[in-house]
Amino acid sequence: MPLSRYLKIYPCPDKADSFIVYSTRKGALIRVSSALLAAAREGALGEADRRTLSRLAVFTEDPDAERNEMLSTVDRAKRCNSRFKAIIVLNLDCNLACPYCYEDPFRGRHYMSTATAGQLIETLVDNQLRQGRDVQLDFYGGEALLSKSLLTKIAAALSDAAHSHGRKFSFGMVTNGTLLTRSTVEELLPLGFTGAKVTLDGPKEIHDRQRPFISGNGSFDTIVGNLKGVWNLIDLQIGGNFSPDNYRQFPRLLDHLLKEGLTPDKVGLIQFSPIIPKAAKSAEISIVAGCTSSADAWLAEAALFLREETLKRGYAVHKPAMAACMVEFDDYMTVNYDGRLFKCPAFIGWPELSVGTLTDGISDYSASHNLNLWKNEQCLDCCYLHMLWRLPVPHAGKKQCH
């Protein structure tokens with residue numbers, strides 16, 4: 001029985017003659033003795049060890065079957081998905097003036113019209129809810145809450161339609177948090193509002209420099225005050241954008257959150273990311289954080305430092321897990337403010353990457369978006385293949401496909 005091809009094996013730093021084995025396929029992490037590892041490689045495992053290590057996907061009875069299972073993973077995930085997810089770009093406007101803004105070349109007073117919103121509602125009802133699929137949206141901008149009245153109209157219509165068709169509708173949003181007041185959240189809750197992702201770029205002096213209001217005033221105190229007012233109403237995730245010069249100051253943000261009562265039981269995941277280059281108005285797309293790794297030594301150091309400091313204070317962080325890009329899935333879409341459809345929110349500035357419109361529907365994008373690019377011998381033998389994806393992990397208590 002050979003080792004799985006989807007493993008990373010490291011000498012154990014605090015126990016001699018032992019190894020740390022991580023299965024990227026299963027997400028399992030175990031410590032084994034060098035003798036046990038040698039026995040496995042030589043096919044001399046006892047039955048109990050064989051069963052345990054097979055269950056953890058450290059070893060496999062059939063390497064060919066393991067590869068074939070890998071090939072069918074995305075197709076199996078598609079078959080079991082009964083929920084349609086979309087990111088809805090309500091506008092490209094903002095009340096902040098972040099100097100590093102990725103969307104800066106495309107920003108302006110561009111808002112989704114009521115006509116486009118009506119078309120969006122009709123499309124989601126006809127193509128999703130009436131077809132027996134639940135609908136989950138993430139409202140996005142610019143700043144999503146600058147379009148609160150339109151957001152409310154869309155959510156109310158879809159909430160009513162979902163109820164009449166016996167399906168579920170819910171939504172979250174990506175917001176800078178300055179308009180996320182308790183009264184706003186209470187207004188949106190009955191319509192299916194479940195959570196928000198909010199950005200805090202480190203402690204107050206760093207955040208206010210990186211994320212000021214258009215007036216030039218700092219936004220830190222406003223955002224933290226709003227978070228304190230809504231934590232018991234919705235799920236909150238906090239992100240932040242760091243640079244080589246300031247990431248070591250970010251633990252002071254975590255300490256401030258603790259001091260303000262935004263403790264780990266009141267806040268969900270915290271994830272800090274490096275500041276990325278502004279988008280360029282060409283097809284030469286900058287890779288966004290979360291979709292690639294970097295060989296820069298400082299970035300690897302920063303990621304580990306911030307993860308350890310976040311965990312040290314009891315906050316939750318993302319765990320390595322099997323993942324796949326949303327481009328691979330039919331039931332994931334980004335709808336731009338003008339009704340154009342994209343497979344990723346990072347593509348919205350490039351019309352040539354549109355895959356259709358609300359009016360015309362979706363075109364065949366298999367060639368333009370390089371679907372199934374990973375289905376080759378080199379990728380299928382890569383131990384990191386599972387972790388380079390971003391496949392949604394089923395929620396606890398929900399049906400899982402096997």
Side-chain angles (χ1 to χ4, degrees), residues 84-98 101-129 135-159 161 169 171-176 179 188 191-192 196-197 214 276 278-286 288 291 325-327 329-369:
F84 178 81
K85 297 183 68 174
I87 295 171
I88 311 300
V89 182
L90 293 173
N91 60 67
L92 290 179
D93 202 2
C94 192
N95 59 341
L96 297 186
C98 310
C101 180
Y102 174 79
E103 296 176 358
D104 187 57
F106 315 116
R107 287 220 354 227
R109 296 191 59 81
H110 306 300
Y111 283 78
M112 181 176 285
S113 67
T114 54
T116 299
Q119 201 169 26
L120 169 67
I121 294 166
E122 181 180 348
T123 299
L124 291 175
V125 172
D126 290 346
N127 295 350
Q128 306 304 329
L129 294 173
V135 171
Q136 179 181 335
L137 303 182
D138 277 314
F139 290 106
Y140 193 77
E143 169 48 45
L145 285 174
L146 289 176
S147 298
K148 188 180 79 168
S149 61
L150 191 65
L151 187 161
T152 301
K153 177 181 178 180
I154 295 169
L158 291 174
S159 180
F169 168 73
F171 70 92
M173 68 178 67
V174 178
T175 170
N176 61 37
L179 303 173
L188 297 177
L191 306 180
K197 299 176 183 177
I214 291 174
I276 59 175
K278 292 183 180 182
K281 288 188 175 181
S282 73
E284 297 298 322
I285 300 174
S286 300
V288 299
C291 294
C325 178
M326 62 188 295
V327 172
F329 293 90
D330 302 330
D331 292 331
Y332 284 74
M333 196 64 62
T334 296
V335 183
N336 201 19
Y337 73 93
D338 57 4
R340 284 181 295 183
L341 306 177
F342 296 86
K343 288 302 296 178
C344 174
F347 295 169
I348 61 174
W350 291 270
E352 62 270 31
L353 293 179
S354 172
V355 298
T357 67
L358 289 173
T359 301
D360 300 329
I362 302 171
S363 60
D364 182 358
Y365 55 90
S366 55
S368 63
H369 286 59

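Just so it is clear, the structure is predicted and the values come from calculations on it, not from any experiment.
Nearest approach of Gly356 to Ser363, heavy atoms of both residues: N-OG, 4.3 Å. Considering every non-hydrogen atom in both Val327 and Phe347, the closest pair reads CG2-CE1, 4.4 Å. Residues Thr175 and Ala196 share a closest heavy-atom pair of CG2-CB, 4.0 Å. A pairwise comparison of heavy atoms in Leu129 and Ala161 identifies CD1-CB, 3.8 Å as the closest pair. Across Leu150 and Ala117, no two heavy atoms sit closer than the pair CD1-CB, 3.6 Å. Pairing each heavy atom of Pro351 with each of Arg340, the nearest pair is CB-NH1, 3.1 Å.
Atom-to-atom distance recorded for Met173:CE and Ile88:CD1 is 12.5 Å, nearest 0.5 angstrom. Distance CG/Leu90 to CD1/Ile87: 12.0 Å, rounded to 0.5 Å. Expressed to the nearest 0.5 Å, how far CG of Leu188 lies from CG of Leu145 amounts to 7.0 Å. The structure places CD1 of Ile154 at 9.0 Å from CG of Leu124, a figure rounded to the nearest 0.5 Å. The distance from atom CG of Asn336 to atom CG of Leu358, rounded to the nearest 0.5 Å, is 10.0 Å. Note that CG of Leu137 and CG of Leu120 are 7.0 Å apart. Values are rounded to the nearest 0.5 Å.
In this structure, Lys343 places its NZ atom where more than 12 heavy-atom neighbours from other residues, nucleotides or ligands lie under 6.0 Å away.
Remark: of the listed residues Asp338, Thr334, Val335, Thr334 is the sole one forming a side-chain contact (heavy atoms from CB on, under 4.5 Å) with Val89.
Scanning for side chain to side chain contact (heavy atoms under 4.5 Å, CB included) contacts around Ala155 gives Phe169, Phe171, Leu191, with sequence neighbours left out.
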Fill in: Intermediate values then yes/no, side chain to side chain donor-acceptor pair (under 3.5 Å), Glu143 and Asn176
CA-CA 7 Å; Glu143 169 48 45; Asn176 61 37; 3.2 Å; yes
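Ser147 is not listed as a side-chain neighbour of Met112, based on a closest heavy-atom distance of 4.5 Å or more. Tyr337 is not listed as a side-chain neighbour of Asn91, based on a closest heavy-atom distance of 4.5 Å or more. In this structure, the side chains of Val355 and Met333 come closer than 4.5 Å at one or more pairs of heavy atoms.
Relative ring orientation between Tyr332 and Phe329 is described as tilted, the plane-to-plane angle lying within the 30° to 60° band.
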